[in-house]
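In what follows, a structure is listed as structure tokens, so that the remarks can point back to it.
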Number of protein chains: 2
Amino acid sequence: MRLRQLECFRALMLHGTMTRAAELLGMSQPGISTMIAGLEHETGLSLFLRRGGRLQPTPEAKLFYVEAARALEAVENASRVAAEIRSGRRGHLAIAAYPSISINLLPRLLSQFARNKPELQIKIITRNSATVRELIATQQFDLAVAELPLDYPTSHMEVFSYDCACMLPHGHPLAKLKQITPDDLDGVPFVTLFRGDPIYQQLASAFSEYGARWNVVAETEFFSTACQLVAEGRGVGIVDPVVSKPFTEGLAIRPFKPRIQYQVAILSPTHEAPSKMAQDFAKLLRRGLRA
Amino acid sequence: MRLRQLECFRALMLHGTMTRAAELLGMSQPGISTMIAGLEHETGLSLFLRRGGRLQPTPEAKLFYVEAARALEAVENASRVAAEIRSGRRGHLAIAAYPSISINLLPRLLSQFARNKPELQIKIITRNSATVRELIATQQFDLAVAELPLDYPTSHMEVFSYDCACMLPHGHPLAKLKQITPDDLDGVPFVTLFRGDPIYQQLASAFSEYGARWNVVAETEFFSTACQLVAEGRGVGIVDPVVSKPFTEGLAIRPFKPRIQYQVAILSPTHEAPSKMAQDFAKLLRRGLRA
DNA sequence: TGTCCATTATAGCAGATTCGTATAGTCGTC
DNA sequence: GACGACTATACGAATCTGCTATAATGGACA
């Protein structure tokens, strides 16, 4: 059964005469005639009665028409979907990310990205960075965003490094300084990430190097929580200047010395070629992490 | 987009290598290769990455595969439906009939007919004979069964005539006779069809011709009701010997003279060619009305 | 490193399919 | 009986299909 036969059959059923069907399909009447003859021969159905040089569809033709039309639509749909995929209007995007990114950065970027993409399916999974790393290894995600260091590095990894800054409640005396060092924070109540976090370790070294007393009054899991506590005056803290930016509204932000490095990476599956969709979104994500 | 391309694509997605896909499709590997190249060119999609002389489906290929497989299935389904139509396993049968036929004859015949026809759709509409005649004129039914005479005859009409017989309650004195005439029924309580019915008119003439008194004690719409009343001893009556046979269990049936004719017709739409399904069922129906 | 093996890609050719033009056949209408 | 509208058939050119032969690629392994 050939597609052209079905097309001719549909046009003929819809327009009654071969002459007219031929016009609409942009072909000659004998062309339609032979197509229909072929279809009748191959299906073994008498689709039209020839009465007085005219065609009359048989009941069998009407039954078959339903399926023929459905089949043609399915093929035409496949064709349309191909065009959608090619132009990037259709696809899916499965992203695994750790909470700060997932809550703050992704919704904004994705809603921007999804404009003009009516058939885009988005999936976001939020896990801590270690789990994100495992998920990307299972190849079930197109992209992942995790904090460094990872237990073992992935081959497709794009790293973004930030120098953390000191955050202070608005009107805090130290806000007058242009740059803040551990000496300035000697004994000052301090909000930090948990003990296991690289940030914690870097801070501990920094204070000990400067011989200053690090007065930790709170440990939190995320920067966002730390920001909240600082805003409420529990102490000062340290924060990355890009990803956590939305949480630092109304806080004073000052450069911190020595450098406390915070690293984030975009991860891609290794064994799988990235989809065009994923590549396009990765560009946007890169910009978002750079800004 | 050609069907063969989609078939090759599906086989390749399912079996990983062109060599294997070619085997399963019964064609050569270069054949698959050119088909896939054509599909990629026409859709504008890179469906496979050529890495190390091997193929790896791209994410786009996976997206497109869903639609391609769906389209192929729809076409294959159309093909299968054509075979079902041809072999008479698929079709529909819309029948309009008057009550006696619809209740008694049709269910038996249809259940027999529907065996081995998994995709047969049956529609029965039960109306009085006048309405049946109108329905068939609207061309919405494949077959109809109505009593004669009709207001105006249809061109496609097959008539079955029956000589009505006298029915008597079991053990009725007249049951000893081989044949019954109006003389035998002079003054005997009689159950008949309604005054408007041709049977009524024929009976009235018969009694008047024989100079016998016709003692009508009940008028009914259907033979079945009349049979019921006779069985309960309300009187004797008259019945057609074929269509109403199932209602005369336990009654004595004797030939009646003069002839009271009861006529039934199978009607077909005039402007529409009958479907093979309708023709096949008409054969069965003919046998049922003749027996 | 070189050979073997499995795979895909390309070229060239024969046959099938498609589709146009030309033309004949059929039927209803005027 | 001519005309008009339609369908069917014949035939040829262009295209498509799918084969064989062969090249190219890269991994495995000695």
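What you see is a predicted model; the values in this text were computed from it and never measured. Here is how names work: the chains are called A, B, and so on, in the same order as the sequence lines, proteins then strands, and each is numbered from 1.
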Open item on the list: Check the phosphate of dC19(C) against Arg4(A), side-chain N and O only, distance under 4.0 Å to OP1 or OP2. Yes or no?
Closed with: yes
- [ ] Could you pick out which residue, Thr34(A) or Arg54(A), lies toward the 5' side of DNA chain C when each is mapped onto its nearest nucleotide?
- [x] Thr34(A)
Task: Heavy-atom pair with the smallest gap, counting every atom of Ser87(B) and Arg89(B) - done: OG-NH1, 2.7 Å
- [ ] Scan Gly26(A) against the nucleic acid and name what it touches under 4.0 Å (heavy atoms): base, sugar-phosphate only, or nothing.
- [x] sugar-phosphate
- [ ] Rounded off to whole Å, could you give me the CG-to-C1' distance for the Leu25(A) and dT18(C) pair?
- [x] 14 Å
Open item on the list: It should be established whether Thr19(A) places a side-chain nitrogen or oxygen under 4.0 Å from OP1 or OP2 of nucleotide dA5(D).
Closed with: no
Task: Separation of dA8(D) C1' from Arg50(A) CZ (nearest whole Å) - done: 9 Å
Open item on the list: Strictly below 4.0 Å, N to O, side chains only: are Glu158(B) and Arg286(B) in salt-bridge contact?
Closed with: yes
TODO: Please tell me which of Arg20(B) and Gln5(A) maps to the more 5' nucleotide of DNA chain C, matching each residue to the nucleotide holding its nearest heavy atom.
DONE: Arg20(B)
Open item on the list: Using OP1 and OP2 only, check whether a side-chain N or O of Ser28(B) sits under 4.0 Å from dG18(D).
Closed with: no
Open item on the list: From C-beta outward on Met35(A), which listed nucleotide comes closest to its side chain: dT20(D), dT7(D), dC19(C)?
Closed with: dC19(C)
- [ ] Establish, yes or no, whether the cationic atom of Lys283(A) lies under 6.0 Å from the six-membered ring centre of Phe281(A) and within 45° of the ring axis.
- [x] no
Task: Interatomic distance, Met1(B) CE vs dC16(D) P [rounded to whole Å] - done: 16 Å
Task: Arg10(B) and Glu76(B) ion-paired at < 4.0 Å - done: yes
- [ ] May I have the distance from Ile32(B) (atom CD1) to dT20(D) (atom P), rounded to whole angstrom?
- [x] 14 Å
Open item on the list: If you only use heavy atoms from C-beta on, which nucleotide in dC19(C), dA8(D), dT17(C) is closest to the side chain of Arg2(A)?
Closed with: dT17(C)
- [ ] For Leu6(A) and dT18(C), give me the distance from atom CG to atom P, rounded to whole Å.
- [x] 12 Å
Open item on the list: Any donor-acceptor pair under 3.5 Å linking the side-chain atoms of Gln5(B) with those of Glu42(B)?
Closed with: yes
Open item on the list: Rounded to whole Å, please give me the gap between CD in Glu23(A) and P in dT7(D).
Closed with: 11 Å
Task: Nearest-Å distance for atom pair CD/P, residues Gln29(B) and dT25(D) - done: 15 Å
Task: Between dC27(C) (P) and Gln56(A) (CD): distance, integer Å - done: 14 Å
